[in-house]
Amino acid sequence: KPNIVIFLTDDQDVLLGSMDVMKHTRERFIKKGATFNNAFTTSPICCPSRSSFLTGCLYSHNHNVLTNNDNCSSIAWQVKHESRSFATYLNKTGYTTAYFGKYLNEYNGSYVPQGWDNWVGLIRNSRYYNYTLRVNSVKESHRNSYEKDYFTDLIVNRSMEYFQERKNVDPDTPILSILSFPAPHGSEDGAPQYQHLYANVTSHITPSFDYGPNLDKHWIISRIKVPMDETQHRFSATLQQKRLQTLRSVDDAVDRFVTMLEDTGELNNTYLLYTSDHGFHIGQFGLAKGKSMPYDFDIRVPLFMRGPGIEEGMSVNEIVLNIDMAPTILGIAGVDVPDWMDGRNFMPIVKRWKLLPVNPPWRDSFLVERGKIPHSKVHLARPTLPSKQERIIQACQSPIYKHPCDPGQEWTCVIEDGQTKYFVFLVYLFYLLRVILSSSSWMMSQSLFLHHTAVVSRDCMRRLNQMKRKLSRYTPTRERRRFIRRDAGLRQTNQWRSFLSGDEMGLGSSQYYDQPHYFPDSGAELVRSKRRSLNKQVDSSICNQLYMTSNRTLGIQKMNVALTPQCVVMIPELRIKCSKGSSRPAPRKWKRKRLEQLQRIILFTKLKLKSSVSRTPKPRTSTQSQLSQHLFATHLLSYHVKQKLPNHCRIIATEIRQAYNKRIHEFRVRRERILNSRQVKKGKKRRVSAAGGRCNANGLSCFKLDHARWATPPLWEGESRCYCTNSNNNTYWCVRIINATSNLLYCEFITGFVEYYDLNTDPYQRSNTYLELDTHVHNSLNAELAQLRVCNGSANCH
């Protein structure tokens with residue numbers, strides 16, 4: 001059987017020119033093997049993509065790793081998916097398996113994944129120095145020495161040592177080896193011998209670089225309203241420079257490993273693959289850096305392959321995905337591909353020169369998915385209103401506010417004291433204000449303004465703004481109180497409904513619940529401070545009319561009970577009938593309130609009569625359990641609304657009170673634990689913010705650019721900035737189609753936004769033409785996307 005060696009990089013692009021500096025890789029792979037021109041990832045984010053690649057080749061919606069945090073290397077994922085990775089299949093068929101480098105973002109080093117005979121796995125995310133490894137059964141710490149600790153070099157050194165050692169012991173045993181490099185992922189620490197290279201690189205400047213404004217794109221991009229400034233241009237160039245420096249070490253590693261295979265005589269019996277987990281962007285559409293976008297610069301990946309039977313210098317134009325890697329590796333090893341895998345073995349399309357049939361026909365479309373569906377859309381990132389100063393700066397970009405003024409110009413923008421603080425001034429309108437006339441001496445000092453510009457003093461503007469805020473906030477006291485009372489009532493009602501319905505997030509549990517019709521229709525009614533109860537005569541009449549029938553069921557005799565001189569309640573129909581001519585305010589509301597009180601009294605009385613008649617212990621039935629649950633729920637409801645019932649209808653149940661107290665105690669303990677956790681998180685954020693290490697925004701993923709950004713040359717020497725590169729509403733599902741007639745991208749975002757790009761006419765995806773899309777075409781794309789979003793197995797996903 002042949003050996004299999006995979007070189008895997010982290011965040012390496014195709015469209016930004018990263019392969020241009022890797023001359024050894026191009027010599028060893030492109031000239032000697034196959035180049036896949038349409039290689040893509042199905043999830044342009046680290047952990048989901050690597051989970052699809054390493055463990056069974058499933059779409060993200062099937063292995064349920066949707067972000068870099070949730071379910072990434074979790075216990076459930078280890079049991080269900082990691083246990084059936086392609087390494088486990090090859091290990092059972094006689095392969096020696098070895099892994100070196102980065103594994104998954106949340107891998108904590110507490111275990112060695114199944115199927116690997118030799119394990120050198122990085123704990124957590126990509127690093128070049130100061131990291132910890134799990135080396136088989138022990139953990140190994142490394143510092144910042146280039147000769148001993150530079151991670152890219154350590155990976156290739158140990159993989160070569162292990163390969164040679166195993167071949168010396170047993171030359172006939174095939175080896176599966178994966179070299180997973182950290183490059184060019186951050187912190188972009190290049191080797192010392194390459195830190196002077198690529199100072200003026202421009203390969204990242206594509207036609208979509210700094211293209212905007214993009215009001216036709218989803219929110220994270222459309223929020224960028226201004227072009228990139230000089231600082232961001234310098235940051236983009238420096239970032240690309242450092243990324244290329246790290247890839248030079250990967251290029252050397254590929255050359256050294258292939259040379260070792262030649263020296264050991266194993267090259268002709270080894271399949272080598274080179275790829276990345278996803279692409280990358282630097283400045284495209286004004287985004288500072290990152291991945292996770294559905295566009296080609298993030299979903300296209302490099303993919304090269306060489307080995308026995310592969311023609312030199314060939315190109316493959318069919319769509320090949322990261323989910324095809326595991327089936328292909330199994331096919332090379334002679335292992336049957338399981339039906340549950342979403343990908344397919346692409347060796348038949350590589351060896352087409354042998355006229356091997358490809359059946360069924362190869363795909364021309366695939367799914368791109370990113371992010372998870374939140375429990376509530378309330379927590380999605382939302383556009384934040386710009387501050388007053390930002391609005392003024394933006395308005396001052398208009399030529400109608402230029403300074404100095406043109407003849408007839410009424411407004412102008414000036415900079416105060418040479419600082420970047422803009423103020424908008426009206427030229428000759430504010431002189432009507434009396435306060436200007438009282439500050440003539442101050443106005444004389446502003447004679448530099450043309451056309452007799454009049455300026456409102458800061459004190460005056462502050463007083464005017466205070467008056468405006470007071471007027472805008474003014475609401476009659478009675479209306480405010482009514483709103484506060486109703487709002488508080490709704491909050492308390494929702495909490496108690498959650499408690500009584502057994503919601504995990506509330507107070508209650510599924511053991512006790514109440515039927516919905518036992519709650520009043522209006523939440524505000526539950527918190528009224530003053531309540532009217534029925535007359536004791538009515539209560540006694542109802543209690544006296546309940547009886548136990550022969551088949552041990554509760555009944556109530558037909559009767560009419562007077563509520564008022566004009567109205568009676570008809571029992572057991574529970575209807576209120578009033579004589580003509582009676583005048584009452586809001587009769588429907590009044591009747592509903594009285595009927596709700598009657599229902600509670602009748603329920604309590606039935607339960608009391610039931611417990612008094614049933615003296616002998618009997619096995620609990622479902623009906624009795626339900627009555628007990630109703631008793632508990634109604635008791636809590638009565639307790640909450642402070643309904644004072646007659647003594648002869650009151651039921652005191654010790655076990656119910658104990659259960660209630662237990663649930664209250666559990667809720668308080670849980671609430672205290674959550675509050676303590678929140679305080680700890682807030683404390684960490686305050687400490688980091690005080691140290692100037694992070695910038696935060698609601699629902700956004702941001703990073704801070706400052707002098708501590710990089711620890712190795714070239715260092716950042718510009719001004720500090722905060723850049724937001726992603727948001728939690730950037731969840732989408734896309735279908736990408738490439739065939740003889742079509743080359744398109746259709747995306748649906750969780751916010752309801754839709755994007756469509758025809759790459760035959762717009763190869764850089766700069767213009768969203770969804771509004772020009774034909775209805776039939778849209779319906780067809782929507783249906784295909786809906787099918788791919790839930791597909792399972794290669795038969796359904798291909």
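Below, all heavy atoms of this structure are taken into account, side chains as well, without hydrogens, waters or symmetry copies. It should be emphasised that the depicted structure is a prediction, and the values quoted were computed from it without experimental measurement. The residues of the chain are indexed from 1 along the displayed sequence.
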Gap separating the [atom1] atom of [X] from the [atom2] atom of [Y], nearest 0.5 angstrom:
{"X": "N68", "Y": "L104", "atom1": "CG", "atom2": "CG", "result": "9.5 Å"}
{"X": "E27", "Y": "M22", "atom1": "CD", "atom2": "CE", "result": "13.0 Å"}
{"X": "L133", "Y": "L122", "atom1": "CG", "atom2": "CG", "result": "6.0 Å"}
{"X": "K167", "Y": "L261", "atom1": "NZ", "atom2": "CG", "result": "9.5 Å"}
{"X": "E165", "Y": "N118", "atom1": "CD", "atom2": "CG", "result": "8.5 Å"}
{"X": "I737", "Y": "L759", "atom1": "CD1", "atom2": "CG", "result": "11.5 Å"}

Residue pair [X] / [Y], side-chain donor-acceptor N/O under 3.5 Å:
{"X": "S794", "Y": "D342", "value": "no"}
{"X": "Q765", "Y": "S208", "value": "no"}
{"X": "N726", "Y": "N730", "value": "yes"}
{"X": "N125", "Y": "E106", "value": "no"}
{"X": "E755", "Y": "N768", "value": "no"}
{"X": "Q78", "Y": "S83", "value": "no"}
{"X": "T751", "Y": "N729", "value": "no"}
{"X": "R28", "Y": "T259", "value": "yes"}
{"X": "N38", "Y": "N317", "value": "no"}
{"X": "T264", "Y": "Q164", "value": "no"}

Assess K217 against F749: is NZ or CZ under 6.0 Å from the centre of the six-membered ring, and within 45 degrees of the ring's axis?
no

So is R84 actually on top of W340's ring, under 6.0 Å and inside 45° of the axis?
yes

Who pairs with C734 by disulfide (SG to SG under 2.5 Å), at least two apart in sequence or on another chain?
C747

Side chain [X], main chain [Y], donor-acceptor under 3.5 Å:
{"X": "N37", "Y": "S315", "result": "no"}
{"X": "S177", "Y": "V5", "result": "no"}
{"X": "E311", "Y": "K351", "result": "no"}
{"X": "R363", "Y": "I319", "result": "yes"}
{"X": "D762", "Y": "S767", "result": "yes"}
{"X": "N782", "Y": "H778", "result": "no"}
{"X": "R256", "Y": "V258", "result": "no"}
{"X": "S51", "Y": "V65", "result": "no"}
{"X": "S276", "Y": "Q12", "result": "yes"}

Minimum heavy-atom distance between [X] and [Y], given as atom pair plus value:
{"X": "W362", "Y": "E318", "answer": "CD1-CB, 3.6 Å"}
{"X": "V316", "Y": "A34", "answer": "CG2-CB, 4.5 Å"}
{"X": "R306", "Y": "G33", "answer": "CB-CA, 4.0 Å"}
{"X": "G17", "Y": "L244", "answer": "O-CD2, 4.3 Å"}

CA sep, side-chain torsions, deciding dist, call: F40, F366, side-chain contact (heavy atoms from CB on, under 4.5 Å)
CA-CA 9 Å; F40 295 89; F366 64 95; 3.4 Å; yes

side-chain contact (heavy atoms from CB on, under 4.5 Å) evaluation trace for L54 with I178:
CA-CA 10 Å; L54 294 169; I178 295 183; 4.1 Å; yes

Give a yes or no on whether the ring-centroid distance for [X] and [Y] is below 6.0 angstrom.
{"X": "Y732", "Y": "H218", "answer": "no"}
{"X": "Y757", "Y": "Y295", "answer": "yes"}
{"X": "F280", "Y": "F297", "answer": "no"}
{"X": "F304", "Y": "F7", "answer": "no"}

My understanding is that only residues two or more places apart in sequence, or in another chain, count here; which of them pass ring pair (Phe, Tyr, Trp, His ring centres under 6.0 Å) with [X]?
{"X": "H61", "value": "Y59"}
{"X": "Y107", "value": "Y103, Y111, W119"}
{"X": "F36", "value": "F346"}

Counting only heavy atoms from other residues, nucleotides and ligands, does the tally under 6.0 Å from [atom1] of [X] exceed 12?
{"X": "K32", "atom1": "NZ", "result": "no"}
{"X": "D339", "atom1": "CG", "result": "no"}
{"X": "F703", "atom1": "CZ", "result": "yes"}
{"X": "N760", "atom1": "CG", "result": "yes"}
{"X": "D774", "atom1": "CG", "result": "yes"}

Salt bridge or not between K23 and D251? Use side-chain N to carboxylate O under 4.0 Å.
no

Once disulfide (SG to SG under 2.5 Å) is applied, what residue pairs with a partner in residues 63-106 remain, sequence neighbours excluded?
C47-C72

With side chain to side chain donor-acceptor pair (under 3.5 Å) as the test, pick out the partner of H278 among D298, D13, D11.
D11

Quick test of your reading: applying side chain to side chain donor-acceptor pair (under 3.5 Å), list the pairs with at least one residue in residues 39-50, sequence neighbours left out, ordered by first then second residue.
T41-S49, T41-N322, T42-N322, S43-S60, S49-N322, R50-S180, R50-D277

So if I apply the side chain to side chain contact (heavy atoms under 4.5 Å, CB included) rule between Q114 and each of T88, N91, V79, which one comes out positive?
T88

